[in-house]
Amino acid sequence: MTAQPDVATADADRRGTPPFRYTAALASDIEARWQDRWEAEQTFSTPNPEGPLSDGETLDPAEKYYLMDMFPYPSGAGLHVGHPLGFIGTDVLGRFMRMTGRTVLHTMGFDAFGLPAEQYAVQTGTHPRATTEANIERYRAQIRRLGLAHDKRRSVSTTDIEFYRWTQWIFLQIHGSWFDTEIGRARPIAELEAEFAAGTRSLPDGRAWSELTRPEQDRTLDGYRLAYLDDAPVNWCPALGTVLSNEEVTADGRSERGNFPVFRRQLRQWMMRITAYADRLADDLDGVDWPDSVKSMQRNWIGRSQGASVRFRESVSGQDIEVFTTRPDTLFGATYLVLAPEHPLVDAIVPSAWPSPGGEAALDGRWTGGADSPTAAIAGYRSVVASRSDLERQEARDKTGVFTGAWAVNPVNGEELPVFVADYVLMGYGTGAIMAVPGQDQRDWDFASVFGLPIRRTVQPPEDFDGEAYVGAGAAINSANSEISLNGLGVDEAKAAIIGWLAGRGDGEAVVQYKLRDWLFSRQRYWGEPFPVAYAADGESDGGPSIPRALPESDLPVLLPDVDEYAPKTFAPDDRDSAPESPLARATEWTSFSEDLASDPERAWARYVRETNTMPQWAGSCWYHLRYLDPTNTERFVDPDVERFWLGPRPEVFGPDDPGGVDLYVGGVEHAVLHLLYARFWQKVLFDLGYVSASEPFRRLFNQGYIQAWAYTDSRGVYVPAEEVVEEPGGGFTWNGEPVSREYGKMGKSLRNVVTPDEMCATYGADTFRLYEMSTGPMEASRPWSTRDVVGSQRFLQRVWRLMVDENNGSLRVADAGEPSQETLRLLHRTIDGVRADFPAMHYNTAAAKLIELANHLTKTYPEGGLHRSVAEPLVLMLSPLCPHLAEELWSMLGHPQSLAYAPFPVADEALLVEESVEYPIQVNGKVRSRITVPASASEDEVRAAALAEEKVVELLEGAEPRKVIVVPGRLVNIVK
RNA sequence: GCCCCCGUAGUCCAACCGGCAGAGACAGCGGAUUCAAAAUCCGUCCAGUGUGGGUUCGAAUCCCACCGGGGGCACCA
């Protein structure tokens, strides 16, 4: 095969370049042909060990490699040059792995449910499916143009009916399970029901199972399920018309998408009991090969803290106030209690009148807020708190609060402590109540200062300590009663001692708290997976809240109905009292149906109404790594043997605690908490239920960097097209002669700095674009895009092409006879040795540099052509992961009819890596003063002798004996005078 | 405020376990080619590693402090 002259000649006529130069036109021609051929020959179809995707060959599990990118959301804007960075990186690795004998599974699907298509539907009436599928087609074309070696048979979209059918099925499994805290894993809910029925497990209220009515039984079981309905405080976003998960709300209380206000509201919503897995999600991070930053973000989000629960008895009402503290060792320093304003116990303990002045000192005006009664004070304070947004509450760190009029007894010393409400205590964490120890907690110190409360140190600060609250380590002081003394103990010892004492009296116990909340799993949207759930149309027989009934598997998939109006009802962004209304609720034909639900024999062929919420966008991405493995399976979401082959633990390679999972998962760090935490949770449920063998979805995670870009604004602050901006010789930038200012950030339409891979492929070809992206830095580094630098990669590929192909007639310039020089051979093998290490480490920038170095050497060595085949072929093979089309073309021209995709990657000849002689720099007192060249075989003593005999060294030593001579073999000699 | 990551030529980046600061690319400069230009090719200049200490025979690399940039968390008891 030779290059196609027609394209090249046309190019030559126009540009005056040789007809067979490696130009964008020639590259595009080569690339299109190889992309067609790979597709026609199914070059990158990866066999399964069995099933429909098997090719009948036996696969060696030791050689499998499952490589995955975080799949994209197919937006209407298409890809810009930043998006494919990770995709190309994984492709290079996959291609290298294939050439070293690995069976590589690599494909790409689409995370295709989501808001933009729905919002577009709201504006235009276009069905979200139409928009989504058009966008996916666009993405597929863009990705194909890059020459990525994907198994296209395995590509799935979360919106495919055959995909979301199994998303619904997994939901049913989660709904049909409960978490057995005794063994720390999920079990089928039927086993719990059987234990209740048999009496082997007692009900929380002590009644017998048979005494319960059917609705009572169902509600009891629902209280255990991993997917459950709850009237819980949720994040309600009126502007979006939907509720959001905690993870989707920013720290300043707004929606991550759209930045709208979010309000806390009590609403009945689907929840996932991810908190049951808090410990395993935290502990199992030790067993995965992930970046420390992501692990720490997840640990932080789970927020496990060890502490104690302590009960303080309220003096008048006799109510126990339970507080959570991580510092039970400071209990003797507690001088007041604080309840969150929303704490349910507040109303129970508030007396009708302020405590009589006879018994107490006259109440401080700061305590009462000037109110006549505690009830009025609390009502007043609550309304102030409620009127403040989360953001205001967060910004104003001044401590506010009010005395409840109640007093509670400290169990360690019988002291009566005043009980306050204050908004610095959050209802959502711990018990919503704290014991305040101003001496050891700065927040309590601040509050105590405002309200004139006593401060007592119970940990001895260092002598030079001049701060307020002391939170460091130290010996306990002022901490003793008639039964126990903590004085002199360190913090940890004191904690253990006091917890033991409290537990013995029944006043407290050790407790673990988590910041992690259950996952809010329903959204009031159209474009999402419908829940496979329905409710009795005529309500429950006991008149209680509706009981959700899982639909049988035979009802799956529950298809999204067509609707006239895609939008949920939205409201003014600050309309906190509005209530969600899902678009599916209006599809009355769809919502109402009759069925014989086996789960409820009393209601055969009753009328039901469907759940009208849909699942959040995260659902599909929780398990797509499983569907890639077995995308055509109609019986199961994944075949167990196929799953075990690709994802199963491999203790022989990764150690006895290997959880299994995808061998390498590459994506941006923005998914550190949301997607990765949810996917781990689903994986663990499926693992517990025995459907998968891997207890973690992603054994190794790698965060690629981002490609960012310069953007320019004119004097009015308006963005100007970045590609038209010119850099002035004296510094500064102008657009149409006007000075503009430069800023650095994301690539985006609004910043007018988007560069697309399509443009780059048209101007330079896909191989040049790939090489450029890979050579500008290591995979993990973020870096700026610079179109003008791309030409460097193209020049290199032109040199490689010119080394092997005559630019004037397209003929091969490679010599079959003769031998390359020793120098060339040594460089070749050094290059092989280097890139063999660089590719698997994803150091593509240094691999490219080594290949460029080799090509530059060869260009000088063979100015008239005649490059030896024994050098040309390894060079082509080494280049192929980065620039597969060009490499395939050259490989073919070199006489190989087969694709090089599975050709063996060159192996370095060790003998050629050893130099015959070594040049040693000689340092005197750490400064290089001279050099010697000795045979590589020289011993350390011989090197030392040669160094000391060197002319300049003798001169510098002036006859003195050196104090020390350090010889670093192969490196240098350092002489200390 | 706390935690994590990163600071090397004009720019993007190399430098393995502490051992000659430079592999590669862009830009710049000089040259070849050209009527000229573009394209291409050849050659070449450029920093002592953010700052200050310390350890060491020797520090970009290890330790401490500070400065700058990026990210995460944040009234979580």
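In what follows, every chain begins at residue 1, and chains take the letters A, B, ... in the order their sequences are listed.
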Item to check | Within 6.0 Å of NZ in Lys295(A), more than 12 heavy atoms from elsewhere | outcome: yes

Rounding to a whole Å, what distance do you find between [X]:[atom1] and [N]:[atom2]?
X         : N      : atom1 : atom2 : answer
Tyr744(A) : G7(B)  : OH    : C1'   : 14 Å
Asp292(A) : G72(B) : CG    : C1'   : 14 Å
Gln298(A) : G72(B) : CD    : P     : 15 Å
Phe312(A) : A77(B) : CZ    : P     : 17 Å
Phe796(A) : A23(B) : CZ    : C1'   : 13 Å
Leu797(A) : A39(B) : CG    : P     : 17 Å
Tyr706(A) : G70(B) : OH    : P     : 15 Å
Asp446(A) : A77(B) : CG    : P     : 16 Å

Are side-chain N/O atoms of [X] and [Y] paired as donor and acceptor at under 3.5 Å?
X         : Y         : answer
Thr859(A) : Arg799(A) : no
Thr431(A) : Glu322(A) : no
Thr458(A) : Gln440(A) : yes
Asp279(A) : Tyr514(A) : yes
Tyr920(A) : Thr933(A) : no
Asp446(A) : Tyr424(A) : no

Give me the distance, rounded to whole Å, that separates [N] from [M] when you measure between the [atom1] atoms they each carry.
N      : M      : atom1 : result
U33(B) : G43(B) : C1'   : 15 Å
C20(B) : A36(B) : C1'   : 47 Å
G1(B)  : A14(B) : P     : 32 Å
G48(B) : A15(B) : C1'   : 14 Å
G18(B) : G54(B) : C1'   : 15 Å

Item to check | Under 4.0 Å protein heavy-atom contact, by nucleotide of nucleotides 9-21 of chain B - B base, S sugar-phosphate only | outcome: ---SSS----BB-

Item to check | Short N-O contact, Arg311(A) and Glu509(A), less than 4.0 angstrom | outcome: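 Salt bridge: yes.
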
Checklist entry - Taking NZ, NE, NH1 and NH2 as the nitrogens, is one of them in Asp286(A) or Arg299(A) under 4.0 Å from a carboxylate oxygen of the other? => result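 Counted as a salt bridge, because a side-chain N and a carboxylate O are separated by less than 4.0 Å.
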
If the cut-off is 4.0 Å, is [X] near the phosphate of [N], judged by side-chain N/O to OP1 or OP2?
X         : N      : value
Arg795(A) : C26(B) : yes
Ser293(A) : G71(B) : no
Arg799(A) : C41(B) : yes

Checklist entry - Any donor-acceptor pair under 3.5 Å linking the side chain of Arg457(A) with the backbone of Ala469(A)? => result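 Not at all, since once roles are kept as given, no pair shorter than 3.5 Å links the two residues.
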
Checklist outcome for this item: Relative to its sugar, using the 90° cut-off around 0, the base of C17(B) is syn

Item to check | Syn/anti label of G50(B) as read from its glycosidic torsion, with the cut at 90° from 0 | outcome: anti

Answer with base, sugar-phosphate or nothing: what part of the nucleic acid does [X] contact at a heavy-atom distance below 4.0 Å?
X         : result
Val791(A) : sugar-phosphate
Thr859(A) : sugar-phosphate
Lys515(A) : base
Thr325(A) : sugar-phosphate
Gln798(A) : sugar-phosphate
Asp444(A) : nothing

Proximal nucleotide (of [options]) relative to the [X] side chain:
X         : options                : result
Ile852(A) : A39(B), A77(B), G24(B) : G24(B)
Asn856(A) : C73(B), A27(B), G24(B) : G24(B)
Val425(A) : C73(B), G24(B), A77(B) : A77(B)

Item to check | 5' priority, RNA chain B, between Glu807(A) and Ile975(A) [closest heavy atom] | outcome: Glu807(A)

Checklist entry - Between Asn300(A) and Ser296(A), which is nearer to the 5' end of RNA chain B once each is assigned its nearest nucleotide? => result Ser296(A)

Item to check | Non-hydrogen side-chain atoms of His843(A) and Met779(A) separated by less than 4.5 Å | outcome: no

Checklist outcome for this item: Output for pair (Phe733(A) CZ, Trp710(A) CH2), nearest 0.5 Å, gives 7.5 Å

Checklist entry - If you take atom types as modelled and just measure distance, does the side chain of Lys860(A) reach the base of C42(B) with a donor-acceptor pair under 3.5 Å? => result no

Checklist entry - When you look for runs of 3 or more Watson-Crick or G-U pairs in a row, both distances below 3.5 Å, which of them include RNA chain B? => result B:1-7 with B:67-73, B:10-12 with B:24-26, B:28-32 with B:40-44, B:50-54 with B:62-66

